[in-house]
Amino acid sequence: MNRRVMPMYALADCNNFYASCERVFDPSLEGRPVVVLSNNDGCVIARSQEAKDLGVRMGEPIFKCRQRMKNDSLVIRSSNYTLYDDMSRRVVESIRAFIPDIEVYSIDEVFLNLEPLAGRDVDLICRRARRAVLQWTGIPISIGIGTTKTLAKLANRIAKKDPSAQGVHRLPTLESERIGPLAETAVEDVWGIGRRWAKRLHEIGIRSALDLAQAPPVEIRRGFNVVAMRTALELRGTPCQEVEDVEAVRKTLVRSRSFGSMITEWTDMSEAIASHATRAAEKLRSEGGHAGRISVFLRTNRFREDLPQYGRSGSRELQPATNTTPVIIAQALDLGRRLWRPGYHYKKAGVVLCELEFDDVQGSLFDQRDHERDTRLMTTLDRINRRMGAETVHPAAIGFKKRRRWSMRQSFRSPRYTTRWTDIPRTGP
DNA sequence: TCTGGGGTCCTAGGACCC
DNA sequence: TCTGGGGTCCTAGGACCC
């Protein structure tokens, strides 16, 4: 008989990832409440277990935790993505040694396809992988197992919450045996159900994951959309999403920042836009892509209700598609100039590159630029900045002031332990 | 004083064409 | 002067994720 094997998915998720990374390189943080802040040191984006226990909330603005910082010696770190990216890569490679068919879903999550391991003890393999990751990288992870991605996510929550799971939890294959755990999971804790949908689901009497699983799919589709319906189906055990083992080709590339302080002058704004354009172009070149369209946006501070609000975006075609910094800066500045209105306090701006192409780009007959020269220039520029440090060579449009009004605050950053020679940890004097 | 940044997918509605 | 349906393409906005 040729029976199809039961699909089986797992989600491996790093515990308190950024806080754990900070801890790996500074063991004195062990046992202490640690939080990691967003860019600009604005709000909390990661918390160690101790910080969670203190009641520090995700996304909480840091100025609201000042008291706790004093009382409970809360440790604060600015985010250090260079470090986290590198640690993430190490975690992924460690997992891959045990389970080869994986999809890197985010900086701290990996979906695993366990179907090829059918007949083997998947729980045991996952436990071994977990132990190895901790041993090789110092990062604790949890693994949830289920017959769909959404159920694997749910199992992962249980693996994290229930100490008896010891970091790995598998939901039963039989639907009837999943009733308990699904009934105990609030619908807002289901992957794919955000705040807005949760509120509307509650209004129609759907409160738990079980309620959603048992709701008629067509009704969910009618009341919400196909994405919500797929989530409901996955909760019943019907897979609607596969493990995507080939890396997805990106469709857009954004560089944007809130300013360290608000901006009222076009010269400051133009420097910020030129800087975003430069960094977006750099990133695009590093991935070997070209952009066929560029969009720029700027806006005021939406939290300052006492100030007049303004926000706009504009876009235009790039013909031919390009990744040349001066071209992208020129277009970005021209767009920005059109959006700019004096008299406002601006808080944020950004550059979006879209219609990305990763194949060879056809030149236009009517295009006057010397593309080979552009490419040589950009390659040289990238090489210098990679070796000598970012922005060793940079376009004049970004400005030369040491302390730029628009650049971000980062008061608590840890060293780049793994990616910068001078920051490598040393032992002894 | 102080509130992140970078993504994807889906849908509705308008423009335009036949 | 009034009136149709159907298709495609594009964009803006809304929802979600980490």
Side-chain angles (χ1 to χ4, degrees), chain A residues 11-14 16-18 35-46 57-67 69 76 78-81 84-85 88 103-111 149-150 153 156 187-201 220-231 234 240-241 244 247-262 276 279-280 283-284 287 293 295 297 299-307 311-317 345 347-356 408-412:
Chain A
L11 176 73
D13 187 331
C14 301
N16 316 320
F17 183 53
Y18 300 166
V35 299
V36 177
L37 304 183
S38 62
N39 285 312
N40 265 317
D41 295 337
C43 53
V44 174
I45 55 168
R57 289 201 323 274
M58 188 69 169
E60 192 171 350
I62 191 61
F63 67 87
K64 289 190 179 166
C65 321
R66 291 279 183 230
Q67 203 51 46
M69 282 166 68
I76 315 271
S78 300
S79 39
N80 184 347
Y81 287 102
Y84 310 150
D85 280 336
S88 172
E103 169 192 343
V104 178
Y105 177 69
S106 76
I107 195 166
D108 68 341
E109 286 171 292
V110 181
F111 279 107
K149 279 181 160 183
T150 305
K153 265 274 201 193
N156 191 284
V187 75
E188 55 267 33
D189 293 330
V190 171
W191 183 45
I193 304 299
R195 254 198 3 252
R196 297 232 158 63
W197 286 359
K199 185 160 174 285
R200 281 168 55 196
L201 286 165
I220 300 300
R221 152 113 224 211
R222 201 163 44 225
F224 299 84
N225 64 16
V226 295
V227 180
M229 185 186 74
R230 279 184 211 136
T231 296
E234 289 226 326
C240 302
Q241 308 175 66
E244 310 285 347
E247 209 177 318
V249 178
R250 79 150 78 236
K251 296 179 173 143
T252 61
L253 196 164
V254 180
R255 283 297 175 268
S256 73
R257 281 279 183 283
S258 296
F259 306 130
S261 54
M262 289 193 284
H276 296 324
R279 293 192 313 115
K283 179 73 178 167
L284 187 58
E287 296 181 0
R293 176 166 285 273
S295 156
F297 68 89
R299 72 158 129 94
T300 52
N301 187 345
R302 65 185 195 283
F303 295 103
R304 289 292 298 269
E305 287 168 12
D306 54 320
L307 293 173
R312 260 188 85 184
S313 71
S315 79
R316 76 165 53 131
E317 196 185 355
H345 292 71
K347 182 60 181 170
K348 187 173 182 178
V351 171
V352 187
L353 300 178
C354 19
E355 292 174 20
L356 304 186
M408 67 172 177
R409 284 184 299 274
Q410 264 203 332
S411 317
F412 313 98

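Atom set for the values below is all heavy atoms of this structure, side chains included, hydrogens, waters and symmetry mates excluded. Below, read A as the first sequence line, B as the second, and so on, with proteins coming before strands; counting in each chain starts at 1.
Under 4.0 angstrom from either OP1 or OP2 of B/dT8 there lies at least one side-chain N or O belonging to A/T252. In this model, the phosphate group of C/dC16 is not approached by any side-chain N or O of A/R200 to a distance below 4.0 Å at OP1 or OP2. In this structure, A/R302 does not reach the B/dT3 phosphate: none of its side-chain N or O atoms is under 4.0 Å from OP1 or OP2. The phosphate of B/dT3 has neither OP1 nor OP2 within less than 4.0 Å of any side-chain N or O from A/K348. Regarding contacts with the backbone of B/dG7, every side-chain N or O of A/S106 stays at 4.0 angstrom or more from both OP1 and OP2. For B/dT3, the OP1/OP2 oxygens have a side-chain nitrogen or oxygen of A/K347 closer than 4.0 Å.
One N or O on the side chain of A/N40 and one on the backbone of A/S258 form a donor-acceptor pair closer than 3.5 Å. Side chain of A/E234 to main chain of A/T150: a donor-acceptor pair is present (N/O by atom type, distance under 3.5 Å, no hydrogens or angles). Side-chain atoms of A/S38 come within 3.5 Å of backbone atoms of A/C43 as a donor-acceptor pair (strictly under, hydrogens ignored). Remark: side-chain polar atoms of A/S79 are paired, donor with acceptor, to backbone N or O of A/L37 under 3.5 angstrom.
Here A/I193 lies in heavy-atom contact (under 4.0 Å) with sugar-phosphate atoms only. Contacts of A/K64 with the nucleic acid, taken as non-hydrogen atoms under 4.0 Å apart, are absent. Residue A/S79 is out of contact with every strand shown, counting any heavy-atom pair closer than 4.0 Å. As judged by a 4.0 angstrom heavy-atom cut-off over every strand, A/K283 is placed among residues making no nucleic acid contact. Within 4.0 Å (heavy atoms only), A/E109 reaches sugar-phosphate atoms of the nucleic acid but no base atom. Within the 4.0 angstrom heavy-atom criterion, only backbone atoms of the sugar-phosphate kind lie near A/R230; the bases stay farther away. Among the atoms of the strands shown, only primed sugar atoms or phosphate atoms (P, OP1, OP2) are found under 4.0 Å from some heavy atom of A/Y105. A/L253 comes within contact range of the sugar-phosphate backbone alone, with a heavy-atom separation under 4.0 Å but no base atom that close.
With a cut-off of 3.5 Å on both pairing distances, the Watson-Crick and G-U wobble pairs of DNA chain B assemble into stems of 3 or more at B:5-18 with C:5-18.
Side-chain proximity of A/N39 to the nucleotides B/dC2, B/dG4, B/dC10 is greatest for B/dG4. Out of B/dC9, C/dC18, B/dG4, the shortest distance to the side chain of A/C43 is found at B/dG4. Relative to the side chain of A/Y81, the nucleotides B/dG4, B/dG7, B/dC10 differ in distance, and B/dG4 lies closest.
With the nearest nucleotide of DNA chain B identified for both A/F63 and A/R250, A/F63 has the one nearer the 5' end. Summary of the strand contacts: A/V227 and A/M58 both lie near DNA chain B, and taking for each the nucleotide with the nearest heavy atom, the more 5' one is attributed to A/M58.
Regarding A/R316, its CZ atom lies at a distance of 14 Å from the P atom of C/dT11, rounded to whole Å. Rounded to an integer number of Å, the gap from A/I62 CD1 to B/dC2 P is 15 Å. Going from atom CD1 of A/I76 over to atom P of B/dT3 covers 15 Å, rounded to whole Å. In this structure, A/D306 places its CG atom 10 Å from P of B/dT1, rounding to the nearest Å. Spacing between atom CZ of A/R195 and atom P of C/dC16 amounts to 8 Å, rounded to whole angstrom units. As rounded to whole Å, 13 Å separates atom P of B/dT1 from atom NE2 of A/H345. Rounded to whole angstrom, the span from the CG atom of A/L284 across to the P atom of B/dG7 amounts to 11 Å. In this structure, the CZ atom of A/R196 is 7 Å from the P atom of C/dC16, given to the nearest Å.
Under 4.0 Å is where a charged nitrogen must lie from a carboxylate oxygen, and between A/E287 and A/K283 at least one such pair does.
Ring geometry for A/W191 against A/F111 counts as tilted: the plane angle lies between 30° and 60°, on a 0 to 90° scale.
Remark: A/I193 CD1 to A/F224 CZ distance equals 7.5 Å, nearest 0.5 Å. For the atom pair NZ (A/K347) and CZ (A/F259), the distance works out to 9.0 Å, reported to the nearest 0.5 Å.
Between A/Y18 and A/I107, some side-chain heavy-atom pair lies under the 4.5 Å cut-off.
Between the C1' atoms of C/dC17 and B/dG4, the separation comes to 15 Å (whole Å).
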